[in-house]
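Inspection log for the structure reproduced underneath, given as C-alpha cells.
Note that the structure is predicted; figures quoted are calculated from it, not measured. Counting starts at 1 for both ligands and their atoms, following the listed order.
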Amino acid sequence: HPCIRGNVIKLKFDTEDEAKGQWEYNICNNEVAAQVLGLTVNSQASDPRVPPIVVEPYMSTDSSSFPNPVIVYAVVTQGFSPVLGLNVTAIIEPENGRIRTLQLLDNGAGADIIKNDGIYSKYFTDFSGNGRYGLKVRVESKSKTAKLALPKNQALYLPGYVENGAIISNPPKPKVTTDELNLGDFTRTASGVAFRVTEVPSGPLPDVFKPGKIIDLHAIFQGQQVSLSWTATGDDLDKGNASRYDMRMSHNREELLDNFENGTVVDTTDLIPLPAGTMEIFSFTPQNITIKNGTVLYFVLVAIDKVNQMSEPSNLAKALLFIPPDPRSNSKTGAMVLLILLAVFFTTGVVVLSVYCLIRKKRQY
Ligand SMILES: [Ca+2]
Ligand SMILES: [Ca+2]
C-alpha cells in the first residue's frame, strides 16, 4: 500500500477479470497535525454495451409526524432488469441521536409490496426525536448471491376451478425456466435522501405500532390436511416478533371478508411467531367438516403484539381440494361413447333398410 503524494491516481487494467472485485485504499499522513481529506473515485464501465448496476434510495415521504411510520426503500437495477439476492442496508442518521441501521428486504411482505422485483423495503419506526433524518443505502453481494432477473410471466397457476358445482381442470403447469444471470460480487452505496419527523414525544416511546398486515397467506389441501404458509410479521409492523396469531376459516368467503371474527377459530396456540420476514408453515386437519373433492375453505390470519394490538386481517387464502380425474376412466368413457354411437348408427341403418324393404314390397303388390 504505497503512500499517495499526487492529486490523481489512474489505474488501468489489461483484462476485465483483473479489475473485478473489492478494492481497498490506505492513505498516509506525512504531516504532524491531523489533515482533512476528500476522496473521489471515478470508475468507467469495462464494456460500454453493459449497463451499470444502479442503486436509488427513496423514502415514502419527505416529512412525517409521529407515530406515522416511514417506508425506506431502495431500487436496484441493471438496465431495465431488477437485481435480486442482495444484502441491502439502510443507514439512517438522525439530527440528534445514534445512527440506526435497517435491513431492507425484497420478500413481498410487510412494507415490501412485490417479491423479487429489485425493490427492497422496510418500515422505519425507531424515531429518536424531532428533526431531520439522513438516509444512505449500502448494497452488497458477498458470496455471488446477486442475480439479474429477466422479465418472466408473473401469473399465478391454478390446477383447476369449480363452476356450478362441476370441477374443471386447467392445462398442466408450464415448465419454469431459470431466467436469472449471476452478477458476481460488488458493493454500491447511494445517499442524498432525507426526511423530517415532527411530534415525537420526549421520554420512552409507548408501543404505538401494531403488527404489519400479512399479505401473502397461502393455503393448500394435502389430503385431509390443510397446509398454510405466510411471511411472519413483527411486533411493530415488520420489526421483531409478534406474540401470537388468530386464524379463522370458513366455507363462505363473504363471511370472512365482512368480519374476520365470523370465521371458525383455528387453534394456533402452539404456534410461536417467528421473527418478521421469516417463512411460517402451519398444518392442521379441520374438524367437523366433510372434506371431499371440490371442498373449498377460506382462511384469514391476524397477528397480535405484546400489548394486544391486532394487525389488519391478512389477505384471504383459498384452499380447494382438487383430485384430477383419472385419465384411464376418461378413455373408458370415450370407448363407451363410441360404442353407443356405433349402436345408434347400426339401429338407424336397420330401421332405414326395413322401411326401404317395406316400401319396395308395397310397390310390388
Ligand atoms: Ca420488492
Ligand atoms: Ca407493537
| said: Short of 3.0 Å from the Ca ion (ligand 2), name each protein N/O/S atom, waters not counted. | reply: Asp207 OD1, Asp207 OD2, Phe209 O, Asp235 O, Asp235 OD1, Asp236 OD1, Asp305 OD2

| query | Are the aromatic rings of Trp230 and Tyr245 close, with centres under 6.0 Å apart? | reply | yes

Does [X] pair with [Y] as a salt bridge, N-O distance under 4.0 Å?
X      : Y      : result
Arg100 : Asp126 : yes
Glu255 : Arg253 : no
Asp246 : Arg248 : yes
Asp62  : Arg196 : no

| message | Can you confirm whether the side chains of Ser243 and Asp305 place a donor and an acceptor under 3.5 Å from each other? | response | no

| field | Distance-only donor-acceptor check, side chains Ser250 and Asn252, under 3.5 Å | value | no

| said: I need the minimum non-hydrogen distance between Ser314 and Leu217, along with the two atoms involved. | reply: OG-CD2, 3.6 Å

| message | Would the distance check show the side chain of Gln222 and the main-chain N or O of Ile220 forming a donor-acceptor pair, the cut-off being under 3.5 Å? | response | no

| request: Mind checking how many protein N/O/S atoms fall short of 3.0 Å from the Ca ion (ligand 1)? | output: 6

